[in-house]
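Okay, so here's the structure we're looking at.
This one's a predicted model, so the numbers in the text were calculated from it and none came from an experiment. Order of appearance sets the numbers: ligands from 1, and atoms from 1 within every ligand.
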Amino acid sequence: MKNEFEGARVLITGGLGFIGSNLARRLVELSADVTIVDSLIPDYGGNLYNVESIRDCVQVNVSDVRDTHSLRHLVLGKQFLFNLAGQTSHLDSMTNPMPDLEINCQAQLSILETCRTHNPKIKIVFASTRQIYGRPLQLPVPETHPLSPVDVNGINKMAGEQYHLLYNNVYGIPAAALRLTNTIGPRMRIKDARQTFVGLWVRQLLEGKPISVWGGKQLRDFTDVEDAVDAFLMTAASSATNGQVYNLGGSETIDLAALAKLMIEINGGGDLEIKDFPAERRAIDVGDYYADFTKIRQELGWGPKRSLRETVETTLGYFREQLPQYL
Ligand SMILES: NC(=O)c1ccc[n+]([C@@H]2O[C@H](COP(=O)([O-])OP(=O)(O)OC[C@H]3O[C@@H](n4cnc5c(N)ncnc54)[C@H](O)[C@@H]3O)[C@@H](O)[C@H]2O)c1
């Protein structure tokens with residue numbers, strides 16, 4: 001990886017967010033020349049503190065990917081674009097659908113148009129999501145599973161992903177997409193459940209409040225953020241990934257009540273409350289999900305390296321130290 005990224009000019013959209021900032025940190029370690037663009041809209045996961053320790057090694061451009069004028073300037077001369085900017089809340093996408101449409105769909109098309117016009121050789125890796133499958137018809141879910149999103153966010157992310165593949169196929173702009181499952185680790189949003197319910201659980205646990213678990217029997221897989229970063233880098237580094245989509249997955253499958261209990265055990269104490277799903281969340285819940293990630297394992301040799309226990313330990317350890325920066 002050092003050879004691939006040493007001195008490489010890299011743009012990360014959403015680079016002040018959870019996954020983007022962990023990716024930026026790794027790219028700095030690999031001696032890449034990193035530019036971040038992030039809007040820092042308060043309801044989303046961007047946080048300047050996420051890049052505090054690499055602040056002198058990255059350029060941070062606080063702007064919005066909906067602004068086509070700044071985008072042109074930002075993509076010029078870059079070799080890699082890690083495209084992670086997004087509105088991530090499923091519920092917000094239902095109560096306030098237009099920003100989700102603008103960011104996750106329309107802005108993705110304008111990012112690609114900007115690349116086509118000003119930098120068609122740039123390699124793009126897009127952060128797609130398992131949400132686009134909707135309710136699984138089979139488990140584990142392979143990439144060939146039908147796409148049938150259950151919320152506005154899933155529809156817009158699906159379109160965003162498909163635009164990337166289209167621009168790869170029609171214009172030859174090298175692009176690939178990773179369909180992420182629940183990703184957890186240091187620097188995630190813990191203020192509320194907008195990014196992931198696990199973020200809110202971390203906050204509740206560290207503040208001595210009971211973890212609220214809705215339902216509890218749903219099966220999920222979780223990717224450690226460092227494993228997700230590995231996948232972004234491996235996908236960017238290989239031209240064989242152009243035009244491809246890959247599922248990411250986790251080292252194990254677990255139901256949500258068991259995950260809450262594991263977090264309590266690792267924390268050394270805490271409580272959980274099983275609650276009924278609020279109706280508005282039940283309507284957009286996908287039920288059980290876990291990914292079949294054979295494709296990326298076979299083609300790129302990617303697989304989760306961290307156990308769920310290690311991931312939870314690292315995550316709780318990080319937020320125990322840094323809690324005030326994330327509230
Ligand atoms: N975390 C997960 O479990 C998960 C799962 C599936 C897919 N994803 C995808 O991965 C990507 C990154 O997710 P994350 O978990 O790091 O979330 P995040 O909210 O921490 O990161 C997204 C970043 O994008 C920025 N952003 C949002 N709108 C923007 C705009 N208009 N212009 C510029 N920046 C903007 C936000 O400020 C934030 O920093 C997202 O596209 C998300 O859909 C994440």
Between Lys157 and Asp100, is the closest basic N to carboxylate O distance under 4.0 Å? no
Whether the Asn50 and Arg25 side chains hold a donor-acceptor pair (N or O, under 3.5 Å, no angle test) is what I'd like checked. no
Decide whether Gln325 and Asn47 meet the rule of one side-chain donor and one side-chain acceptor closer than 3.5 Å. no
Run through ligand 1 for me and note each protein residue having a heavy atom under 4.0 Å from it, chain first, then residue number. Gly14, Leu16, Gly17, Phe18, Ile19, Asp38, Ser39, Leu40, Tyr44, Gly45, Gly46, Ser63, Asp64, Val65, Arg66, Leu84, Ala85, Gly86, Thr88, Ile103, Ala127, Ser128, Thr129, Lys157, Leu180, Thr181, Asn182, Thr183, Gln195
Does a side-chain N-to-carboxylate-O contact under 4.0 Å join Arg66 and Glu102? yes
So, are Lys217 and Asp285 salt-bridged, with charged N and O less than 4.0 Å apart? no
hydrophobic_cluster_shared for Met263 and Met188, side chain cutoff 4.5 Å: yes
